[in-house]
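Data block below; observations after.
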Protein chains: 2
Amino acid sequence: MVDGTESGMDDEQRIDLGVSLFIPYRYTEDRMFRALRDAGFDDWTLAQCRVFQRVSPDGSRLKDLADQAQMTKQSASVMVDQLERLGYVRRLPDPSDGRARLIVIEERGRRAVEVASKALDEILAEWKAYLGTRNFTLLHQILDQLREITDPYAR
Amino acid sequence: MVDGTESGMDDEQRIDLGVSLFIPYRYTEDRMFRALRDAGFDDWTLAQCRVFQRVSPDGSRLKDLADQAQMTKQSASVMVDQLERLGYVRRLPDPSDGRARLIVIEERGRRAVEVASKALDEILAEWKAYLGTRNFTLLHQILDQLREITDPYAR
DNA sequence: CGCTTTGGTTAGGGACATTGACTATTGTGG
DNA sequence: CCACAATAGTCAATGTCCCTAACCAAAGCG
């Protein structure tokens, strides 16, 4: 927050790494969202989509979705309600825990995942071509490393 | 969006680069926001703070803030209203254009920038120590490069 | 000068996310 | 085997954010 220009650290490196991280992130998000819309998945919102993307292929608990998306269970629940009404996911009772429910991907959701997947491939291929394979791989490695000290959710 | 597991590209690299970018970004944002709160700047919200961080030391036009923050002028205007009421910024008539107004940082805002600046330095120092100077610099360079094809706002 | 563009504001509504209080199931220690 | 704490999720009310639409005024341009 705040791109201060004073104090410590050589200026070259202060040019907001936070923003530098955010910009390409948003680029992928925007582009995938647009790809989905163009493919006919235009009945959901970005916020709903963000929750959907966290649903594991094996089904997820509401609590986990909420944690990962950094929101309250209540908020996540509303999103899931909507996604369910739209046919992207379904809630099933969790056989291993009577309190819990498993949110699983439905037919329409599966088709959306396919489209998004393809869009992501395209983006990554472009980046790879632009950065060169070497730097592209390095970026991956460094970010993975960084994740270890910045990801609040184990992984 | 959507972390698909099928199709193209070797799996190693598909582990969502988007998320990998987002996680450290959010880490910096969260931590700076907390640092500000702890320092007594606890009367604003994250959304207001996000707009504030875009205000240039020389003053910014509303339109520019809105563009950079990817929101409408109307939304940005509300944020600025609030920031102004809280004493972080002030609107001045723009001498070079009778229609426009310059949003400039006020005393309280300047103090906040200082705190945020210090927090950012800390974070970057930690990352540098963890990644090693070499990789830290590389990360910067690669992200800068990536920005050229992903930043919708020139710079 | 008219006309278009550009910078901002006002008004109203919808989407998102939070806090607080509640139910029900699970697990645990006495 | 039962009181008790912790956990999964819901309901209700509220507030914040952000958008569309409509508008005003200054600037730029033919």
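Per chain, numbering begins at 1; letters A, B, ... match sequence-line order. When reading the values below, keep in mind they use all heavy atoms of this one structure, side chains included, and skip hydrogens, waters and symmetry mates.
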Output the single nucleotide from dT18(C), dG9(D), dA8(D) whose closest atom is nearest the side chain of Asp97(A).
dA8(D)

Gln48(A) vs Gly98(A), nearer the 5' end of DNA chain C by closest nucleotide:
Gln48(A)

As a test of reading the structure: which of dG9(D), dA25(D), dC18(D) is closest to the side chain of Arg99(B), going by heavy atoms?
dA25(D)

So, under a plain 3.5 Å distance rule, would you say the side chain of Gln74(A) forms a donor-acceptor pair with the base of dG20(C)?
yes

Whole Å only: how far is the CD atom of Gln70(B) from the P atom of dC18(D)?
12 Å

Rounded to whole Å, please give me the gap between CZ in Arg61(A) and P in dT26(C).
10 Å

Pairing donors with acceptors under 3.5 angstrom, does anything connect the side chains of Tyr25(B) and Glu29(B)?
yes

Should Ser75(A) be listed as having a side-chain N or O under 4.0 Å from OP1 or OP2 of dC16(C)?
no

What's the CH2-P distance between Trp44(A) and dA15(C), to the nearest Å?
17 Å

Taking NZ from Lys63(A) and P from dT26(C), how many angstroms apart are they, rounded to a whole number?
18 Å

Tell me the interatomic distance from Leu92(B), atom CG, to dG8(C), atom P, rounded to whole angstroms.
12 Å

Between dG15(D) atom P and Gln82(B) atom CD, what is the distance in whole Å?
14 Å

Under 3.5 Å donor-acceptor, Thr137(A) side chain and Thr133(A) backbone
yes

Check the distance between dG14(C)'s C1' and Leu46(A)'s CG and give it to me in whole angstrom.
16 Å

Selected nucleotide, minimal atom distance to Met71(B) side chain, candidates dC16(C), dG8(C), dC19(D)
dC19(D)

Does a donor on one side chain and an acceptor on the other come within less than 3.5 Å for Tyr88(A) and Gln48(A)?
no

Over 60° means perpendicular and under 30° means parallel, so tell me whether Phe136(B) and His140(B) are parallel, tilted or perpendicular.
perpendicular

Would you indicate what Ser77(A) reaches in the nucleic acid, counting non-hydrogen atoms under 4.0 angstrom: base, sugar-phosphate, or nothing?
sugar-phosphate

Nearest of dT9(C), dC17(D), dT10(D) to any side-chain atom of Arg91(A)?
dT10(D)

OP1 or OP2 of dT19(C) less than 4.0 angstrom from a side-chain nitrogen or oxygen of Thr72(A), does that happen here?
no

For the pair made of CG in Asp64(B) and P in dG7(C), what is the distance, rounded to whole Å?
8 Å

Hey, does the side-chain of Lys73(B) have a donor or acceptor N/O within less than 3.5 Å of a partner on the base of dG8(C)?
yes

If you assign each of Asp81(A) and Ala100(A) to its closest nucleotide in DNA chain D, which residue comes earlier from the 5' end?
Ala100(A)

For Ser77(B) and Lys73(B), indicate whether the former's side chain and the latter's backbone hold a donor-acceptor pair under 3.5 Å.
no

